[in-house]
Amino acid sequence: MQGTPFNPISPQELDISNLFIGILIVGAVIFALVTGLVLYIMIRYRHRGGTEEPYQEFGRPRLEIAWTIAPAVLLVVILGFTIKTMAAVSPGPGDHPPDLIVTGYQWWWGIQYPTAGIVTANEVHLPVGKRMLLQLEGGDVIHDFWVPQLGRKMDMIPGHTNWLWVEPTQTGTFLGACAEYCGAEHAWMRIRVIVQPQAEFDAWQRQQAQAAVTPNGSDAAQGAMLFQQMTCASCHAVTETAASVQIGPNLTHFGSRDTIAAGVLDNTPDNLTKWLKDPFAVKPGNHMPNLQLTDSQIRDLVAYLEAQK
Ligand code: CUA
């Protein structure tokens, strides 16, 4: 079951998954017991003709005390395991600086690696087998970072920092989504976590830390100019510095990403063309304006952006 908490890829999620499965089994046993007894009683004591009222019993204090105490004890036991799991998966940041800062926006994810000075969007890269601390922020309204196989849900609240430890133990691409309703495109606020061997992760970081690619070829060069003229640059940064505009996703290495618009479309020239032509048709309600670009303007912008590897 890819993409569910039943297939954990971190010790944090394994703890949560074990607790969840344990409670699920206890719940299933109780459900079967209660349903079974109700069915048994319905059949065993069904009306069998005759009109007289059956024997009525009022009160059985011992039995009533037992069925009050037993569930209470069970709930206390579950509470104990829950508190133990919470402490294990959320130990707080301590004095560890964040490895990543992830900010939720309507409807995309801003991602920074403060030490490496990298700014990217919508795709988190992590090295396998390393414990990483995520600092989670809300950029406009409340969002919630959730990659079910990786760890717990954590809210992203404007003005309040939350922390999340993750330690992926498997390489691969793992999908997540915003788990707090945040407006029209909440359902299309998807996140990809790409877990790589350390060397591959380091190479990715080196590549992302490089300055934007200088456009090569006339279409791409024209696209670079249009990017400034058509005011794309007022919302999107294509640069090497972290301190740049962050209204829309940073596009510095856009061409190296798998998807467009927080997971709505695969990142291909055709799909980027579709997106630039009419962002609302692809993702209704999103904040990217339709700039009424001509086909040739779109062609140049696609050449420029897809070259930003
Ligand atoms: Cu962001 Cu829901």
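Values reported hereafter were calculated over all heavy atoms of this structure, with side chains retained and with hydrogens, waters and symmetry mates removed. Counting starts at 1 for both ligands and their atoms, in listed order.
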**OP:** Considering only Ile, Leu, Val, Met, Phe, Trp and Tyr, and joining two whenever side-chain heavy atoms are under 4.5 Å apart, list the other residues clustered with Ile194.
**Re:** none

Subject >> Qualifying residues under salt bridge (charged side-chain N to carboxylate O under 4.0 Å, His left out), relative to Asp219, sequence neighbours excluded >> reply: Arg299

Subject >> Aromatic contact, His125 with Phe201 (centres under 6.0 Å) >> reply: no

Original post:
Excluding sequence neighbours, so at least two apart, what forms ring pair (Phe, Tyr, Trp, His ring centres under 6.0 Å) with Phe254?
Top reply: none

Original post:
Picking from Ile260, Val302, Val264, what satisfies side-chain contact (heavy atoms from CB on, under 4.5 Å) with Trp275?
Top reply: Ile260

Original post:
What is the ring orientation for Trp204 with Tyr113, classed by angle as parallel under 30°, tilted 30 to 60°, or perpendicular over 60°?
Top reply: perpendicular

Subject >> Every N, O or S from the protein that is nearer than 2.8 Å to atom 1 (Cu) of ligand 1 >> reply: His143 ND1, Cys178 SG, Cys182 SG, Met189 SD

